[in-house]
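Throughout, residue positions are numbered sequentially from 1 according to the sequence presented.
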Amino acid sequence: MQKDIIHLRAPRGWINDPNGFIYYKGTYHLFYQNFPYAPRWATMHWGHAVSEDLVHWEHQDIALFPTKYEDQNGCFSGSAIEHDGVMNIFYTGVHYDKINPEDTHMCLDDEFQSAQLRITSEDGIHFDNFRDKQVIIPAIEDAEIGDRTHTRDPKVWRGSDAWYLVLGSSTADRKGELLFYKSMDLEKWEFVNAASTEEPLGWMWECPDYFETEGGEVLLVSPMGIGAEGTGEKNHTVCMKVRFDEQNCSMEFAKEYRYMDYGFDLYAPQSTTDADGKRVMVAWLRMPVPFEEGRIGMYCLPRLVEVKNDHIYFKPHPNVEQLYSRRITDIMQADPAGYRVSLDLNDGERINVGGYQIWREGNRILTDRTDVFPACENRENFCMQSKTPELKDGFHLDVYVNRNVIEVFVNHGEYVISHAVYGCKWQIDAAEEKQMELYTLA
């Protein structure tokens, strides 16, 4: 089986949303949206990889593929839970009403229906796609509840008294919303309530992920159509503090949200609890062209999600930090899989990491990847220059460098800038007196 270190990629073809992320029977399972036949979006399957430590991944066989009327045109995103030792997967199945005769992997006029399905596995490896799929929530026909087409990405969790499920959807007047369902047995699901922000936040909410942490309750969601000026792509992931009431499945949203990552390449995150019960998240790194022949897209490094002083932090998981623990004195000593540079920036200072520029202006950190990004047709969909909001905790940087992704963690996760890169050189240019620490894989 093919293996990856840190940044999970599909063995071949296309990868997008992470799915079914779970620590199950002592092993991490990470599924992913995958079209294994070409580096393009098409009929979705679920790829599958496992890990003992979140950093060394071994790919398994394709887990889910279309077999039913409801998922004939794709097994879209979803989540996984364990119940009585059995892995339960919940996902969105898509059926096209009108198929494009010139490309059967695409529909015409955005006419398709979405249903929610369940499949189980006794070992988390083997799935019976022909006999074990069950439709738990048919396509929504009542526009007052949600959208027949754009309702998807079930996230399931155990509450104090029942199982809960949240879907991303769109209202009749094109406003993003969440739909909450409740079940006692994981088979029969009852719609309970819908929730949205007072001010519209995009026209549809993808990949909702609600969870509790020691510092409060958090919602990660990917609204479509919220891109600010200069962010390229118009669909981005946000995070916010929330309050969920199990009794009536209502959700109270914080007045303000912020972006999960200020590089604007990361999308559709999914989280789970790790072996120590801490919340860990991964997300899809969108890419304009394949990073090598026949392969496009990858995941960011696993990140802990923490709430401190009402601020949501995303920092490298301890297992990642432990892997990047071998101190080196020269960049040419770094492992081909990558390295980390740690430093503090004074106002006006700049470093050049293999063509990727990082500098400080006042209370913000800025980056520019212009010199390590391809001149491709869809370049305008990607942000070249990024900057953090104003910082409160200092100006410390931990920069994780891979040939195809650079992740800048500011103040141990106060803010993060992640970018897909191409042709990144194995060198660092900075002022000679600049104090930096270099680490590579142990």
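Just one residue in the list Tyr164, Phe180, Phe244, Trp205 forms a ring pair (Phe, Tyr, Trp, His ring centres under 6.0 Å) with Tyr210, and that residue is Phe244. Paired with Tyr91 under the rule side-chain hydrogen bond (donor to acceptor under 3.5 Å, both in side chains), one option of Asp71, Asn19, Asp153 passes, and it is Asp71. Of the residues Ile62, Asn34, Leu64, the one that meets the side-chain contact (heavy atoms from CB on, under 4.5 Å) test with Trp46 is Leu64.
Annotation: side chain of Ser222 is in contact with side chain of Tyr267 (closest heavy-atom distance under 4.5 Å). Side-chain atoms of Thr149 and Glu111, non-hydrogen and from C-beta on, never get closer than 4.5 Å to each other. The shortest side-chain heavy-atom distance between Pro154 and Thr92 falls under the 4.5 Å cut-off. No side-chain heavy atom of Thr237 sits less than 4.5 Å from a side-chain heavy atom of Leu266. Put simply, the side chain of Lys387 does not reach to within 4.5 Å of the side chain of Thr367, judged on heavy atoms. Between Phe31 and Pro18 the shortest side-chain heavy-atom distance does not fall below 4.5 Å. Put simply, the side chain of Thr388 does not reach to within 4.5 Å of the side chain of Leu366, judged on heavy atoms. With contacts defined as side-chain heavy-atom distances shorter than 4.5 Å, the pair Glu58/Thr27 does not qualify.
Judged by distance alone, with hydrogens and angles left aside, the side-chain atoms of Asn73 form a donor-acceptor pair with the main-chain N or O of Tyr96 at under 3.5 Å. Looking only at distances, a side-chain donor or acceptor of Ser386 sits under 3.5 Å from a matching main-chain atom of Tyr262. In this structure a side-chain-to-backbone donor-acceptor pair under 3.5 Å is present from Ser169 to Asp147. Of the possible polar contacts, none joining the Asp265 side chain to the Leu285 backbone as a donor-acceptor pair under 3.5 Å is found. In this structure, the side chain of Glu407 engages the main chain of Leu301 through a donor-acceptor pair within 3.5 Å.
Salt-bridge annotation for Lys241 and Glu217: absent, with no side-chain N of the basic residue lying under 4.0 Å from a carboxylate O of the acidic one. For Asp344 and Lys434, the salt-bridge test fails: no basic side-chain N is under 4.0 Å from an acidic carboxylate O. Using a cutoff of 4.0 Å between basic side-chain nitrogens and carboxylate oxygens, Arg295 and Glu292 are scored as salt-bridged. Look at Asp393 and Lys308 and you find no salt bridge, because none of the NZ, NE, NH1 or NH2 atoms lies under 4.0 Å from a carboxylate O.
For His396 and His412, the ring centers are positioned less than 6.0 Å apart. With ring centers used as reference points, Tyr23 lies 6.0 Å or more from His29.
Taking the centre and axis of the six-membered ring of Phe382, the NZ or CZ atom of Arg286 falls outside the cone set by 45° and 6.0 Å. Figure legend: cation-pi geometry between Arg369 and Tyr356 absent, as NZ or CZ is not positioned both under 6.0 Å from the six-membered ring centre and within 45° of its axis. With Trp426 as the aromatic partner, Arg403 meets the cation-pi criteria of under 6.0 angstrom to the ring centre and within 45 degrees of the ring axis. Cation-pi geometry between Arg40 and Trp14 is not satisfied (NZ or CZ under 6.0 Å from the ring centre, within 45° of the ring normal).
Within a 6.0 Å radius of CZ in Arg379, other residues, nucleotides and ligands contribute more than 12 heavy atoms. At most 12 non-hydrogen atoms from other residues, nucleotides or ligands lie less than 6.0 angstrom from CZ of Arg12. Counting non-hydrogen atoms of other residues, nucleotides and ligands closer than 6.0 Å to NZ of Lys3 gives a total of 12 or fewer. Shown here is Lys425, whose NZ atom has no more than 12 heavy atoms of other residues, nucleotides or ligands within 6.0 Å.
Remark: Leu343 CG to Ile358 CD1 distance equals 7.5 Å, nearest 0.5 Å. For the atom pair His150 NE2 and Ser114 OG, the distance stands at 7.5 Å (nearest 0.5 Å). Residue Glu414 holds its CD atom at 12.5 Å from CZ of Phe314, rounded to the nearest 0.5 Å. For the atom pair CG (Asp276) and OG1 (Thr273), the distance works out to 10.0 Å, reported to the nearest 0.5 Å. In this structure, the separation between CZ on Arg9 and NE2 on His7 is 7.0 Å, given to the nearest 0.5 Å. Atom CG of residue Leu179 and atom CD of residue Gln116 lie 9.0 Å apart, to the nearest 0.5 angstrom.
Taking the side-chain hydrogen bond (donor to acceptor under 3.5 Å, both in side chains) definition, one finds that Arg350 meets it with Gln357, sequence neighbours left out.
Looking at every heavy atom in both residues, Val289 comes nearest to Cys376 through CG1-CB, 3.9 Å. Residue Ala63 comes nearest to Phe127 through the heavy atom pair O-CB, 3.6 Å, listed as atom of the first residue, atom of the second, then distance.
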Quick one: do Asp261 and Arg303 satisfy salt bridge (charged side-chain N to carboxylate O under 4.0 Å, His left out)? Show the steps, please. CA-CA 12 Å; Asp261 190 289; Arg303 304 174 180 186; 3.1 Å; yes

Please report, to 0.1 Å, the donor-acceptor pairs under 3.5 Å made by any side chain of residues 319-327, with sequence neighbours excluded.
residue: Asn319; atom: ND2; partner: Asp53; partner atom: O; Å: 2.7
residue: Ser325; atom: OG; partner: Gln322; partner atom: O; Å: 2.6
residue: Arg326; atom: NE; partner: Leu441; partner atom: O; Å: 3.2

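Ring geometry for His45 against Phe65 counts as tilted: the plane angle lies between 30° and 60°, on a 0 to 90° scale.
If you check the side chains of His236 and Thr231, you find a donor sitting under 3.5 Å from an acceptor.
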